[in-house]
Amino acid sequence: MTAKSAARQMAAVIAALKIPALVIHGADDPVILAAHGEDTAQSIPGAELLIVPGLGHDFTESAGALYLKAIGDFVAKVEARERAGA
């Protein structure tokens, strides 16, 4: 599989998502630029985007609390919308 075909396949999968999504991306990621995280979030209907200042490409233990809070807040928001019937 070429890089282009893999990218097309990934884009098709992302566009087909019909569930709440939170895209978390490092602002300082040298491998996959933050603009790509923005593009991913824009490609998923209703997705939310969190760009983390100072975060690179790797998941760091020091960012664990930030991830847990962001995901917990996102889940709470989704559950509240579902309870409200939105």
Side-chain angles (χ1 to χ4, degrees):
M1 179 180 290
T2 67
K4 278 188 176 183
S5 63
R8 281 194 304 270
Q9 184 178 20
M10 181 60 75
V13 168
I14 288 171
L17 288 177
K18 305 286 188 233
I19 58 172
L22 173 63
V23 177
I24 302 175
H25 201 96
D28 299 330
D29 188 334
V31 179
I32 301 173
L33 301 178
H36 295 281
E38 293 168 2
D39 185 55
T40 298
Q42 290 172 359
S43 298
I44 303 170
E48 293 188 22
L49 173 66
L50 173 61
I51 299 288
V52 182
L55 187 67
H57 185 71
D58 297 326
F59 178 89
T60 60
E61 191 173 325
S62 62
L66 181 139
Y67 282 105
L68 290 174
K69 178 165 180 13
I71 293 167
D73 291 349
F74 178 74
V75 169
K77 191 184 311 182
V78 169
E79 288 176 341
R81 279 194 308 244
E82 288 179 359
R83 280 193 302 276

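Hydrogens, waters and symmetry mates are skipped; everything else that's a heavy atom, side chains included, is used. Model, not experiment: these values are computed from the prediction.
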Path from L49 to I44 over hydrophobic side-chain contacts below 4.5 Å: yes
Quick one: do I51 and L33 end up in the same hydrophobic cluster if we chain Ile, Leu, Val, Met, Phe, Trp and Tyr together by side-chain heavy atoms under 4.5 Å apart? no
Do you know the tightest heavy-atom contact between [X] and [Y]?
X	Y	value
G37	H25	CA-ND1, 3.7 Å
P53	A27	CA-CB, 3.9 Å
L55	A63	CD1-CB, 4.2 Å
F59	G64	CZ-CA, 4.1 Å
L50	A70	CD2-CB, 3.5 Å

Is the backbone N or O of T60 less than 3.5 Å from a side-chain atom of D58, with the two atoms forming a donor-acceptor pair by type? no
Would you check if the side chain of D28 reaches a backbone N or O of G56 as a donor-acceptor pair within less than 3.5 Å? no
Can you tell if the side chain of [X] reaches within under 4.5 Å of the side chain of [Y], non-hydrogen atoms only?
X	Y	result
D73	K69	yes
I32	H57	yes
V52	I24	yes

